[in-house]
Novice: 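Input: one structure, supplied below.
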Amino acid sequence: MSKCRSCRAPAVIDLPRHNANFCAEHLEQLCRRQFRRAVDDFEMFTTEDRILVAVSGGKDSLALWDLLVTEGYDAVGLYIGLGIGRYSDESHVIVDAFARDRDLELITVDLRADHGFDVPTAARVTDRVPCSSCGLSKRHIFDTAAREGGFDVVVTGHNLDDEAAVLFGNALRWDVEYLRRQAPVLPARHGFPRKAKPLVRLTEREMAAWCVIRGIDYVVEECPMAIGNRHHMYKEALAVVEATSPGSTAAFYLGFLERMAPLIAHDEDTDAPAPCRMCGSPSGAADAVCAFCRLADRAGAVQPVPVELVLGRGARRRYVEQWGASALMEGDGHGGS
Ligand code: AMP
Ligand code: FES
Ligand code: ZN
Ligand code: ZN
């Protein structure tokens with residue numbers, strides 16, 4: 001049996017990128033060390049800051065919330081109900097239970113109840129991939145909740161594998177504007193809060209192991225609307241490289257931050273955007289309506305579209321296998337709105 005590098009006790013995980021195996025206790029120490037290193041090296045926040053942590057119910061964001069509070073930070077959770085059928089219902093239950101069990105404060109925003117639409121309906125009316133209206137809505141709600149609640153920083157559970165996959169996609173297109181913004185911390189600007197990603201030195205597998213060791217119940221399934229998107233393809237491509245050459249993912253992403261990002265950085269000296277006429281958040285031209293309010297206006301004007309009806313064939317089959325067919329599916333099945 002393999003042994004822990006630090007204490008020689010039986011190991012629970014092998015981490016080829018560290019060329020070592022670890023027991024539960026020493027894996028936990030490693031994760032805490034990598035978390036603290038990211039927070040401190042990139043000057044993300046301090047124990048003086050009020051932190052808003054965006055939690056989806058997945059392993060990364062729940063592990064992050066756990067890390068934050070056990071490392072002595074003041075972190076309130078924010079869960080957004082995106083209206084993605086039973087996947088969203090289940091995520092909400094998990095996040096609620098996590099907060100309740102640990103006596104943590106959780107803010108919940110529901111797209112349908114609070115803004116009159118949901119992600120499947122937005123995907124249908126915009127006729128774009130669901131992740132685009134989903135991402136727009138999440139960013140808007142993160143920013144608004146941070147501003148209204150007086151938080152100093154919004155943190156998300158993006159891990160090393162996520163960030164490397166985004167970097168890979170941006171580099172494939174040499175999208176310099178996106179590459180410039182791919183920092184693990186973005187300062188507050190023009191009414192937008194500071195944003196940070198404290199898990200950028202930790203992998204998906206390490207975060208899954210963290211949740212097992214710490215007894216954290218999380219939603220294992222991925223968002224059904226994101227199945228088959230490009231991000232997944234880039235992750236799979238990097239996983240192939242990582243399997244043959246352990247440490248490549250970290251070298252790619254952390255090397256970019258250290259050696260490439262400074263070469264393309266420049267001061268953005270743009271004017272402060274005018275507030276949105278409808279919601280008051282920083283938007284763009286004077287008297288304009290922000291993209292989120294325009295989306296809410298369009299998607300709120302039609303009948304809700306159930307998630308199954310906007311999934312491709314393969315994703316729909318997986319969704320029904322996982323969550324069962326809803327009453328709406330069993331009805332006419334193809335109607336839409
Ligand atoms: P994703 O874009 O789904 O990979 O999620 C990236 C990060 O965004 C997660 O780790 C969370 O911090 C945050 N996030 C995603 N979905 C939600 C949600 N429904 N509510 C709050 N935060 C979320
Ligand atoms: Fe973006 Fe599901 S989380 S569409
Ligand atoms: Zn050990
Ligand atoms: Zn607005």
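All heavy atoms count here, side chains included; hydrogens, waters and symmetry mates do not. All ligand and atom numbering here is 1-based and tracks the order in the structure. All values derive from a computational prediction rather than experimental measurement. All residue numbers refer to positions in the sequence shown, counting from 1.
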Novice: Taking atom CE as the centre, does Met260 end up with more than 12 heavy-atom neighbours from other residues, nucleotides or ligands that are less than 6.0 angstrom away?
Specialist: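 Count not over threshold, so no.
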Novice: What I want to know is whether Leu82 and ligand 1 share at least one N or O pair that is separated by under 3.5 angstrom.
Specialist: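 No, Leu82 has no N/O under 3.5 Å of an N/O on ligand 1.
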Novice: Between Arg17 and Glu242 (salt bridge meaning N to carboxylate O under 4.0 Å), is one present in this structure?
Specialist: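 So Arg17 does not pair with Glu242 through a salt bridge.
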Novice: Could you check whether the rings of His92 and Tyr79 sit parallel, tilted or perpendicular, using 30° and 60° as the cut-offs?
Specialist: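 If you compare the ring of His92 with that of Tyr79, the planes turn out parallel.
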Novice: Which residue and non-hydrogen atom of the protein lie closest to atom 23 (C) of ligand 1, and at what distance in Å?
Specialist: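 Its nearest protein heavy-atom neighbour is Ser56 CB, 3.8 Å.
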Novice: What is the closest protein heavy atom to atom 20 (N) of ligand 1, and at what distance does it sit?
Specialist: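 For atom 20 (N) of ligand 1, the nearest protein heavy atom comes out as Ile80 N, 3.0 Å.
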Novice: Quick one: does ligand 2 sit under 4.0 Å from the side chain of Glu222, the backbone, both or neither, non-hydrogen atoms only?
Specialist: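 Near ligand 2, Glu222 shows nothing, with every heavy atom at 4.0 Å or more.
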Novice: What part of Asp162 sits under 4.0 Å from ligand 1 if we count only heavy atoms: the side chain, the backbone, both or neither?
Specialist: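 Within the 4.0 Å criterion, Asp162 makes no contact with ligand 1.
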Novice: Verify the neighbour count for atom CD of Glu321: are there more than 12 heavy atoms of other residues, nucleotides or ligands below 6.0 Å?
Specialist: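 Enclosed: over 12 neighbouring heavy atoms sit under 6.0 Å from CD of Glu321.
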Novice: Step through the shown structure and confirm whether more than 12 heavy atoms of other residues, nucleotides or ligands are within 6.0 Å of CZ on Arg128.
Specialist: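 Not more than 12 within 6.0 Å, no.
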Novice: Taking N, O or S atoms only and a limit of 2.8 Å, check whether Cys223 reaches atom 2 (Fe) of ligand 2.
Specialist: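 Checking Cys223: at least one N, O or S atom is under 2.8 Å.
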Novice: Show which atoms of ligand 2 fall inside a sub-4.0 Å distance from at least one heavy-atom site of Ile84.
Specialist: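 Ligand 2 atoms under the 4.0 Å threshold to Ile84: 2 (Fe).
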Novice: Around atom 12 (O) of ligand 1, find the nearest protein heavy atom and jot down its residue, atom name and distance.
Specialist: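 Checking every protein heavy atom, the shortest distance to atom 12 (O) of ligand 1 gives Ala54 O, 2.6 Å.
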Novice: At less than 4.0 angstrom from any non-hydrogen atom of Cys131, what atoms of ligand 2 do you find?
Specialist: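 Result: 1 (Fe), 4 (S).
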Novice: By number and element, which atoms of ligand 1 are closer than 4.0 Å to a non-hydrogen atom of Ser61?
Specialist: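 Near Ser61, meaning under 4.0 Å from one of its heavy atoms, ligand 1 has 10 (O), 11 (C), 12 (O).
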Novice: Which of the atoms of ligand 1 are close to Lys138, meaning less than 4.0 Å from one of its heavy atoms?
Specialist: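 Answer for ligand 1: 2 (O), 3 (O), 15 (C), 16 (N), 17 (C).
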Novice: For a quick check under 3.5 Å, do Asn229 and His232 share a side-chain donor-acceptor pair by atom type?
Specialist: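 The criterion, which ignores hydrogens and geometry beyond distance, is satisfied for His232 and Asn229.
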Novice: Using heavy-atom distances, let me know which of His158, Glu222, Met207, Lys197 sits nearest atom 5 (O) of ligand 1.
Specialist: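 Result: the heavy atom closest to atom 5 (O) of ligand 1 is in His158.
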Novice: Measuring from atom NZ of Lys138 to atom CG of Leu111, what distance do you get when rounded to the nearest 0.5 angstrom?
Specialist: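 With rounding to 0.5 Å, NZ (Lys138) is 10.0 Å from CG (Leu111).
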Novice: Identify, by atom number and element, the atoms of ligand 2 in contact range of Lys138, meaning under 4.0 Å from any of its heavy atoms.
Specialist: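 Within the 4.0 Å cut-off of Lys138, ligand 2 contributes 3 (S).
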Novice: For ligand 1, find out whether one of its N or O atoms is nearer than 3.5 Å to an N or O atom of Gly157.
Specialist: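 Yes, Gly157 has an N/O under 3.5 Å of an N/O on ligand 1.
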Novice: How are the rings of Phe292 and Phe117 set relative to one another: parallel (under 30°), tilted (30 to 60°) or perpendicular (over 60°)?
Specialist: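 It falls in the tilted class, 30° to 60°.
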Novice: For the residue pair Ser283 / Arg277, report whether a side-chain donor-acceptor contact shorter than 3.5 Å exists.
Specialist: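 No, no side-chain donor-acceptor pair sits under 3.5 Å.
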Novice: Within this structure, what is the OG1-CZ distance for the pair Thr156 and Arg139, rounded to the nearest 0.5 Å?
Specialist: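 If we round to the nearest 0.5 Å, Thr156:OG1 and Arg139:CZ are 11.5 Å apart.
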Novice: Tell me whether the count of non-hydrogen atoms from other residues, nucleotides or ligands lying under 6.0 Å of CZ in Arg230 goes above 12.
Specialist: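 It does not: Arg230 CZ has 12 such atoms or fewer within range.
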Novice: Would you mind checking which non-hydrogen protein atom is closest to atom 1 (Fe) of ligand 2, with the distance to 0.1 Å?
Specialist: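 Looking at atom 1 (Fe) of ligand 2, the protein heavy atom closest to it is Cys134 SG, 2.7 Å.
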Novice: Please confirm whether Phe142 comes within less than 3.5 Å of ligand 1 when only nitrogen or oxygen atoms on both sides are compared.
Specialist: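 No.
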Novice: Taking the Zn ion (ligand 3) as the reference point, name the nearest N/O/S atom of His26.
Specialist: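 Nearest N/O/S atom of His26: ND1.
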Novice: Please report, to 10°, the angle around the Zn ion (ligand 3) from atom SG (Cys23) across to atom SG (Cys7).
Specialist: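 Once rounded, the angle between the two atoms at the Zn ion (ligand 3) is 110°.
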Novice: Can you check salt bridge (charged side-chain N to carboxylate O under 4.0 Å, His left out) on Arg37 and Asp41, steps first, answer last?
Specialist: CA-CA 6 Å; Arg37 219 178 130 185; Asp41 286 1; 3.6 Å; yes
Novice: Within ligand 1, which atoms have a heavy atom of Thr156 less than 4.0 Å away?
Specialist: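 Taking each heavy atom of Thr156 in turn, ligand 1 has 12 (O) under 4.0 Å.
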